[in-house]
Every structure is written in structure tokens, then in C-alpha cells.
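When a residue number appears, it is its place in the shown sequence, counting from 1.
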Amino acid sequence: MAHDKLTPAEIEDRMWEAIEKGQHTGMLGISGDGHHFQPMTGFVERETNTIWFYTYKDTDLAEAAAQSGGHASFIFQSRDLWACIDGTLTPDHDRARIDKYWNAHVAAWYPEGKDDPRLTLLRLDCEEAGVWISEGGPVKYAFEVAKANMSKTTPDIGDRQDINLH
């Protein structure tokens, strides 16, 4: 893939925007804890490179994060962007953020409301990300595959960048 089309800052901006303006949902998990990654909805704070997730204190993921302060990954996909965001996941019962991000979608998953004593947040302090962007959709992809097979090269379907989020 071409590396000179977008700058790292532009790719990082596209990544945050895709999470913020999309469905906010990806797969979250702690590396090597023996549990599968699970779908979670993230709320991005770009200025601190942090993503917040609602959960219950007694879930496997919350308990694993509390025990290990685990190295975690949030894997996100939108129509034209894929990202694997790595960082440290810790429980953080931040009442101001519970109030800030609470909405009808979140409320549907937590029927006892935001005052439920089991409710908490997980905080992902993002450290790095691998991001892939494909601009052309399925027609460009098919064209690039055909061209690569004819010319014995690899398809050029977008940008790929590792982003340092420190």
C-alpha cells in the first residue's frame, strides 16, 4: 500500500473521526487473558488519547482489567478504515464521564440506569495504533487485484500507518 498519500496526523484524525461518527463499536479485549474479545461501544477523548467504555464491575473484562491493568486492544472497522488500537485498560468509576456519555443507546444495555452500583467505566489509555484506510471500495479493490495479477505487483488499495499515540 502507498505510504505517502496521507500524513500520520491525517490518518490519526481519520481514525478518531471514524470511531466518533460511526457506531462507536468495536472489539475490546485484554491480550493473553484467556477470554475472547467482545463488542464494546467506545467514547473517544482525542485530547488525552483515551477511549471510555461502559460495563458492569463484575464482568470478566472489568475484573481482568482490575487485576492486571491489562494491555488491551480495541479493534475497530468502518466502511473504509480498520484500526487496532493498543493501550492499557483500567477500571475507572468516573461519575462525570458516566453522566457525560450516557445516552439512549447506553441506557438500553443498563436497565437499572446510571445509578446502578454495578455500573462502571473502563478507560483505555491508547498508546499506539495500526490503521488501514481504503478509499476506493469494492470496484477499486477488484481493479487493483486484476492489475496486480497482470503486472506481478501488489494491489494499491490505500494507506497503512502505525501511529504513536503517546
Legend entry - Electrostatic pair Arg123-Asp125, nearest N-O below 4.0 angstrom: yes
Legend entry - Which atom of Ile19 lies closest to which atom of Gly42, heavy atoms considered: CG2-O, 4.4 Å
Legend entry - Heavy-atom check, side chain of Asp86 versus side chain of Leu165, under 4.5 Å: no
Legend entry - Common cluster, Ile30/Leu121, ILVMFWY with side-chain heavy-atom separation under 4.5 Å: no
Inset, instruction - Flag the pair Leu89 / Leu61 as yes when at least one side-chain heavy-atom distance between them is below 4.5 Å, and no otherwise. - result: yes
Legend entry - Considering all heavy atoms, the nearest Ala83-Val131 contact: CB-CG2, 4.2 Å
Inset, instruction - Rounded to the nearest 0.5 Å, what's the gap from CD on Glu144 to OG1 on Thr154? Could you check? - result: 9.0 Å
Legend entry - Between Phe43 and Phe53, ring centroids under 6.0 Å: no
Inset, instruction - Apply side chain to side chain donor-acceptor pair (under 3.5 Å) to Trp16 and Glu12, showing your working. - result: CA-CA 6 Å; Trp16 291 131; Glu12 180 181 345; 3.2 Å; yes
Legend entry - Pair Glu45, Tyr101: side-chain N/O donor-acceptor within cut-off below 3.5 Å: yes
Legend entry - Thr50 side-chain N/O to Thr48 backbone N/O, donor-acceptor pair under 3.5 Å: yes
Legend entry - Expected output: side-chain Glu10 to main-chain Thr7 donor-acceptor under 3.5 Å: yes
Inset, instruction - Please report the shortest heavy-atom distance between Ala62 and Thr55, naming the atom on each side. - result: CB-CG2, 4.0 Å
Inset, instruction - State, with a plain yes or no, whether a side-chain heavy atom of Thr88 is found less than 4.5 Å away from one of Leu124. - result: no
Inset, instruction - Measure the shortest side-chain to side-chain distance between Lys114 and Arg95 over non-hydrogen atoms and say whether it is less than 4.5 angstrom. - result: yes
Inset, instruction - Please round to the nearest 0.5 Å and tell me the distance separating atom CD of Glu127 and atom OG of Ser73. - result: 10.0 Å
Legend entry - Spatial distance of atom CD (Gln161) from atom CD1 (Ile133) [nearest 0.5 Å]: 9.5 Å
Inset, instruction - Count the heavy atoms of every other residue, nucleotide or ligand shown that sit under 6.0 Å from NE2 of His105, and state whether that count exceeds 12. - result: no
Legend entry - Ion pair check, Asp13 and Arg46, cut-off under 4.0 Å: yes
Inset, instruction - Flag the pair Asp80 and Arg14 as a salt bridge only when some basic side-chain nitrogen lies within less than 4.0 angstrom of an acidic carboxylate oxygen. - result: yes
Legend entry - Beyond-backbone contact of Ile51 with Cys126, side-chain heavy atoms, under 4.5 angstrom: yes
Inset, instruction - Could you state whether Phe76 and Met40 fall into the same hydrophobic cluster, counting links through intermediate Ile, Leu, Val, Met, Phe, Trp or Tyr residues with side-chain heavy atoms under 4.5 angstrom apart? - result: yes
Legend entry - Heavy-atom closest pair, residues Leu119 and Gly113: CD2-O, 4.0 Å
Legend entry - Beyond-backbone contact of Ile98 with His93, side-chain heavy atoms, under 4.5 angstrom: yes
Legend entry - Check: Tyr54 side chain, Val106 main-chain N or O, donor-acceptor pair, under 3.5 Å: no
Inset, instruction - Quick one: sort the Trp102 and Tyr110 rings into parallel, tilted or perpendicular, breaks at 30° and 60°. - result: tilted
Inset, instruction - Check the hydrophobic clustering (I, L, V, M, F, W, Y; side-chain heavy atoms under 4.5 Å; chains of links allowed) and say if Trp52 and Tyr56 are grouped together. - result: yes
Legend entry - Heavy-atom closest contact (Ile163 atom, Pro8 atom, distance): CD1-O, 3.4 Å
Legend entry - Pro91 versus Leu122, closest heavy-atom pair with distance: CA-CD2, 3.8 Å
Legend entry - salt_bridge(Glu112, Arg118) N-O dist < 4.0 Å: no
Legend entry - Rounded distance (nearest 0.5 Å) linking atom CD of Glu20 with atom CE of Met15: 9.5 Å
Legend entry - Side-chain heavy-atom pair Phe74, Cys84 within 4.5 angstrom cut-off: no
Legend entry - OG-NZ distance between Ser78 and Lys21, expressed to the nearest 0.5 angstrom: 12.5 Å
Inset, instruction - Answer yes or no: is there an ion pair linking Lys57 with Asp116, defined by an N-O contact shorter than 4.0 Å? - result: no
Legend entry - Beyond-backbone contact of Trp132 with Leu81, side-chain heavy atoms, under 4.5 angstrom: no
